[in-house]
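Order of the sequence lines fixes the chain letters, A, B, ..., with proteins taken first and strands second; residue numbering starts at 1 for each chain.
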Amino acid sequence: MNPEKSASVSGAAAPRIRVVDADVHHNIRDKSDLYPYLTNVERARLEEYGMPRNSSLYQANGGWKGARADTFDAGEDVDPRSNFAMFQTKLLDACGIDLAILQVESTPSIVALADVDYSAALLRAINDWSLEHWVARDSRYRLALTIPMHDPAMAVKEIERLGGHPAVIAAYVVCGSPRLYGKREFDPVYAACVDHGLSLSLHFSNEGFGMNPPMTSAGFPSYYAETYLVRPQFYQAHLSSFLFEGTFEKFPKLKVIFCESGFGWVPSFRWRADMAWKELRSQTPWVKRLPSEYIEENVRFTTQPFEESEPPGAVDEIVGWMNGAKTLLYSSDFPHWDFDPPETIPARFGPQVRRQILAENALASYPKLAGLAGV
Amino acid sequence: MPTAHPVCRVSELTPGARKLIEIGGRSIGVFRLSDGRYFALRNRCPHRGAPLCEGRTMGLVTADKPYQLLRQREGEILRCPWHGWEFDVTTGRSVFMPEEVRVKSYPVDVQLSPETTVEKFNVTEAEGMVVLWTD
């Protein structure tokens with residue numbers, strides 16, 4: 001059926017969604033942006049001590065201060081992540097992004113705080129601020145709600161508080177954690193996600209920070225390039241946990257989005273997971289299906305940073321082995337320095353697969369976007 | 001045409017025991033379960049060719065929900081000695097993918113030898129012969 005025609009028949013005014021960007025990082029410009037959303041006690045603490053920071057471990061990133069060097073439109077001292085107008089011109093308009101999923105930059109350092117009450121207060125404030133100052137000002141934005149995952153009960157409360165907002169389509173969680181996310185103590189969070197139609201958006205960060213275990217079980221890397229390379233292990237650890245704790249048996253509708261984890265490792269992980277399951281099935285008999293089937297049903301992978309294989313076409317095989325035509329979601333990671341524009345999804349994939357990766361898979365992976373599919 | 005192959009006297013295969021035999025160059029494991037039923041499987045795991053019938057038997061572990069562990073049908077599941085793939089002794093089907101992954105299963109029964117059937121009143125099962133059938 002012709003999509004444009006079906007839209008006119010149904011009378012829907014919504015334009016066809018061509019590009020969904022599943023991983024975009026905005027931020028407050030100054031700590032005072034959060035003052036209106038805090039109690040006087042919390043505000044006084046923030047005024048006195050400032051925003052928590054977790055960057056001291058590496059004191060380095062890429063690009064310029066971690067961002068694309070061409071995004072400092074408001075001057076050297078203004079964080080491009082906080083430049084609302086620049087996002088519109090250099091991301092949404094320039095790249096033809098119809099929907100962008102915001103995952104606020106400051107979340108990880110807040111989540112790493114030991115004081116869960118203060119942490120949760122700052123996260124509530126940043127959610128309220130995001131909805132008021134970004135989502136409400138451009139209909140192309142959706143929000144991945146930051147939740148204090150280190151305290152599951154408080155995470156549930158935040159989902160109950162704002163999960164019903166129509167623009168809140170996911171709960172945003174970082175990989176660094178004292179406990180793997182398949183552990184049953186997190187089940188109430190996933191139940192709340194499913195109840196509110198939210199997917200779980202998992203992004204690296206906080207490994208080795210705060211009270212979390214080291215970035216690798218063999219110790220801390222020295223350089224930022226190393227941190228870039230070891231990321232798949234965080235995702236593999238959480239994915240193993242989800243699979244064998246039975247998270248997807250308990251929550252068959254839950255979609256987990258792995259953001260910025262690369263995807264070249266996914267086929268080999270699937271093979272090894274299936275192998276382990278066949279050999280050790282009797283120890284976790286509640287895992288009823290091949291792990292690869294759960295992965296294909298419940299887990300999605302964002303594309304940025306897209307694998308640069310050698311030869312270039314080798315990545316096509318990987319995409320095939322992981323059924324990337326269904327499981328990959330385009331992401332730009334704007335305004336970070338390792339940004340990928342939509343053209344990164346190769347034309348050789350063909351128009352149908354490109355459409356799926358650029359938009360349709362996302363519309364099928366966040367329950368609240370389902371209504372936009374096919375218009 | 002089904003062919004009968006004598007395996008051993010019933011008395012030589014006690015409940016819970018197994019016996020490895022060779023028929024036409026193929027190694028086959030003959031199992032007598034604790035309830036007395038007989039089964040036979042080809043002694044070759046379809047995974048990596050291991051001597052499957054030298055593996056341990058166990059129960060079938062299942063769960064209706066996460067973290068539950070139920071164990072039933074004790075002795076009816078054969079685990080490959082190498083990588084632990086589980087097979088149902090009674091069918092030859094794997095536990096994890098019963099349609100796709102199986103090992104050849106042969107029918108086994110007990111036959112009373114001609115000389116004992118003549119004097120029926122003297123016959124006991126223990127004097128019968130365990131017989132395996134091939135196609």
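- Under a cut-off of 6.0 angstrom, the local environment of CZ in Arg26(B) is sparse, with at most 12 non-hydrogen atoms contributed by other residues, nucleotides or ligands.
- Taking 4.5 Å as the heavy-atom cut-off, the residues of residues 272-280 of chain A that approach chain B are Trp277(A), Lys278(A), Glu279(A), ordered by number.
- Distance check, rounded to the nearest 0.5 Å: CZ of Arg79(B) to OG of Ser282(A) gives 4.5 Å.
- Contact count versus chain A (heavy atoms, under 4.5 Å) is highest, among Val101(B), Leu60(B), Val95(B), for Val95(B).
- Residue Gln283(A) touches chain B through its backbone alone, counting heavy-atom pairs closer than 4.5 Å.
- Within a 6.0 Å radius of NZ in Lys157(A), other residues, nucleotides and ligands contribute 12 heavy atoms or fewer.
- For chain B, the nearby parts of Arg184(A) are the backbone and the side chain; heavy atoms of each come within less than 4.5 Å.
- Residue Asp135(B) places its CG atom among 12 or fewer non-hydrogen atoms of other residues, nucleotides or ligands, all under 6.0 Å distant.
- Of all non-hydrogen atoms in Pro66(B) and Gly246(A), the two that sit nearest each other are CG-O, 4.1 Å.
- Considering all non-hydrogen atoms of both residues, Val61(B) and Arg281(A) come closest at O-NH2, 2.9 Å.
- Inter-residue side-chain proximity for Phe96(B) and Lys288(A) is flagged as unmet; no heavy-atom pair is nearer than 4.5 Å.
- Counting heavy atoms of neighbouring residues, nucleotides and ligands inside a 6.0 Å radius, atom NZ of Lys183(A) does not exceed 12 of them.
- Within 6.0 Å of CZ on Arg37(B) lie more than 12 heavy atoms contributed by other residues, nucleotides or ligands.
- Atom CG of Leu69(B) sits about 5.0 Å away from atom CH2 of Trp286(A), to the nearest 0.5 Å.
- Using modelled atom types, no side-chain atom of Lys65(B) and backbone atom of Glu249(A) make a donor-acceptor pair closer than 3.5 Å.
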